[in-house]
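Here is the naming used below: chain letters follow the sequence lines, and residue numbers restart at 1 for every chain.
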Amino acid sequence: VREGPVLYPTGLRCFPRVHRGDRLPGPQCNGVCLAVDDEGGRWVLKAEMLGANDLLNEAIGFELATLLGVNSPQPALLSDGPSYLWMTEFIAGALHWHPHVRHLVDNLDSVGAMLALDVVVGNSDRHGGNILLQAVASGRLTAYSIDMEQSWAGSPDDIKSRQPDELPNIPAGFARLIPLTELETPMLAAAGRCQSWTKTQLGAIIQPWCNILGESNGPAIVDGILLRSSRAVRLSQLRVEQIRRAQ
Amino acid sequence: MIGGEYRLIYFSPDPFLGGRIPVAALMRTAQGIKAVSADSLPGAQCTGGPHMAFLLRTAVQTIDDDARSIDELPPSLGPHFSLAGDVRSIPAKIAKPDEWLAKLLSAHHAESKLGSKGITAGTEGRKLLEIWGVGDLVRNKFAPDKTMLPKFSGLLHPVTHFVLGKHLLLLEPISSRMQRSRVIDINVRFGAYKQALQQEPIGVQYKFISYVLPGASLKVRDLDATSLTFADEVIDAQDVGGCKQLVREIRAAA
């Protein structure tokens, strides 16, 4: 057994073991449990085994979120035989998204940017439970994006097969909770930033994850994301129209 | 006929530790589904800090908007909330079920507050320390101030007793009247101090000890790993061996 976390060149931590705790309580918290590492670090562990592409979805989602300034909890991997499980740092003191408290959120721009990111990577699992609002001492809430597992980006075949204007599904119930008057501008601004991404830039952050998770066709993933990111403003505008119709 | 059913919504200040407090209820009456919260919610001292008290207040404001069923938590509540226990009946003679439930929840918090007064356990603990001849080495109420942990000044509830000499020893007695929820409060406080001391080192080593006073209905064996995880040691001062161990710890720190 390796002692202590392995630090990959990406800065990613990989733990040989954690102490598993209870299932994460709360609504919309299915399939995840609490975990503590040997150093006392607190994590949320996706206890169900994910396929390599699902892990890549999470990893690419996290990396692109960081690139775009979308607040996301720090991830880590847990060794599980020849494969891995996905963990993210436990965000203490958090609610799920609720439009009535949005005036307390101090990073609404980040929420707008996560909506833009969703259409680029094809994340079909954005709902209120996948936006955490962490209470901070100043009496404000800080938004975090979580759970990018159900996107197209981690599978070369999936992202390549999508139509140019194809949008990932968005639950109608969630669409009604999106305050477009406040989020449309930061969403489109973030989409504009996506359009400036380069192949070199994307390759530098995506290929190391492909190496770790055994995906041999990393360049196809990069090409697929680059194609969608080059149309990010158009895709975001379509999404805005879709949300507006649902409301 | 008035009446109905309800289920309690619990708030867990730290899901890793497992303690929880009833803060609201989902109620089903002939008029439909409604959420009811306590008239007064637990404050920062019970919930782990001002941000957690803020979280609780904010969450409770959103509950009623999303209440759809008494078997399902409103989706905006995050991982600090859970729905537990059986469906309970509201007596048929109750004319205003929401007011009745709010009073019921508030009564629980009033009891918790009464049980959380540190003075009883503190006084009992002080008496024990004096009997064992170490009362003069132990000071009352350790709290952040301008010189010690200044960033946390005013944010952390005081620890009942402490010794500051060769190293810092923080002591919390557990008395016979203490409820289990209060023990969890102590643990949450120890955790908060540990985090504060890691962020603002004070130049000496520190240790956290909780000791169970004679007559306590809670036994050391009951204080399992989930109750006092942040205590470095839990000493059973109900027997002579435990008292001697406590004395040794105090003298070593003085």
Side-chain angles (χ1 to χ4, degrees), chain A residues 18-30 32-37 39-45 73 88-106 127-144 146 171 173-174 176-177, chain B residues 9-20 26 35 44 47-69 71-84 151-156 188 191-192 194-196 198 225-226 229-230 232:
Chain A
V18 291
H19 308 273
R20 295 192 191 200
D22 292 338
R23 188 183 70 79
L24 187 67
Q28 307 185 82
C29 297
N30 298 329
V32 291
C33 69
L34 301 165
V36 181
D37 67 43
E39 298 164 5
R42 294 168 160 218
W43 301 91
V44 173
L45 167 67
T88 50
E89 66 174 314
F90 176 69
I91 303 295
L95 290 174
H96 294 151
W97 173 260
H98 192 292
H100 290 182
V101 297
R102 68 179 184 272
H103 62 286
L104 298 171
V105 177
D106 56 14
H127 54 75
N130 283 340
I131 303 176
L132 297 181
L133 301 176
Q134 184 184 35
V136 292
S138 58
R140 304 284 291 171
L141 299 168
T142 301
Y144 287 80
I146 58 166
F174 176 59
R176 285 193 286 274
L177 303 180
Chain B
I9 297 175
Y10 290 86
F11 175 68
S12 175
D14 187 335
F16 285 82
L17 300 180
R20 59 188 191 185
L26 292 168
T47 54
H51 63 297
M52 296 303 285
F54 165 62
L55 168 78
L56 179 55
R57 287 195 310 273
T58 308
V60 163
Q61 285 167 23
T62 69
I63 291 177
D64 202 33
D65 295 336
D66 296 334
R68 303 275 181 272
S69 151
D71 298 317
E72 200 177 330
L73 275 174
S76 57
L77 298 183
H80 290 271
F81 293 85
S82 58
L83 194 59
K151 275 192 212 165
F152 297 89
S153 181
L155 293 178
L156 300 179
V188 169
K194 279 205 167 163
Q195 206 165 33
Q198 279 166 9
T226 58
T229 48
F230 289 113
D232 296 303

Identify the heavy atoms of A:Leu95 and B:Leu55 that sit nearest to each other, and give their distance. CG-CD1, 3.5 Å
Max heavy-atom pairs within cutoff under 4.5 Å with chain A, candidates B:Pro15, B:Pro50, B:Ser12, B:Pro13, goes to B:Pro15
Please name the pair of heavy atoms, one in B:Pro79 and one in A:Ala94, separated by the smallest distance, quoted to 0.1 Å. CD-O, 3.6 Å
Is the shortest side-chain heavy-atom distance between A:His98 and B:Pro75 below 4.5 Å? no
Mind checking whether A:Phe90 and B:Phe16 have parallel, tilted or perpendicular rings, split at 30° and 60°? perpendicular
B:His51 side-chain N/O to A:Ala135 backbone N/O, donor-acceptor pair under 3.5 Å: no
With heavy-atom distances below 4.5 Å as the criterion, would you say the side chains of B:Phe54 and A:Val136 are in contact? no
Atom CZ in A:Arg42, atom CG in B:Asp14: separation rounded to 0.5 Å? 4.0 Å
Option in A:Leu141, A:Leu34, A:Leu132 with maximal non-hydrogen atom pairs under 4.5 Å from chain B: A:Leu34
Quick one: OG on B:Ser82 to CG on A:Leu24, what's the gap to the nearest 0.5 Å? 10.5 Å
At a 4.5 Å cut-off on heavy atoms, which part of A:Leu104 comes close to chain B: side chain, backbone, both, or neither? side chain
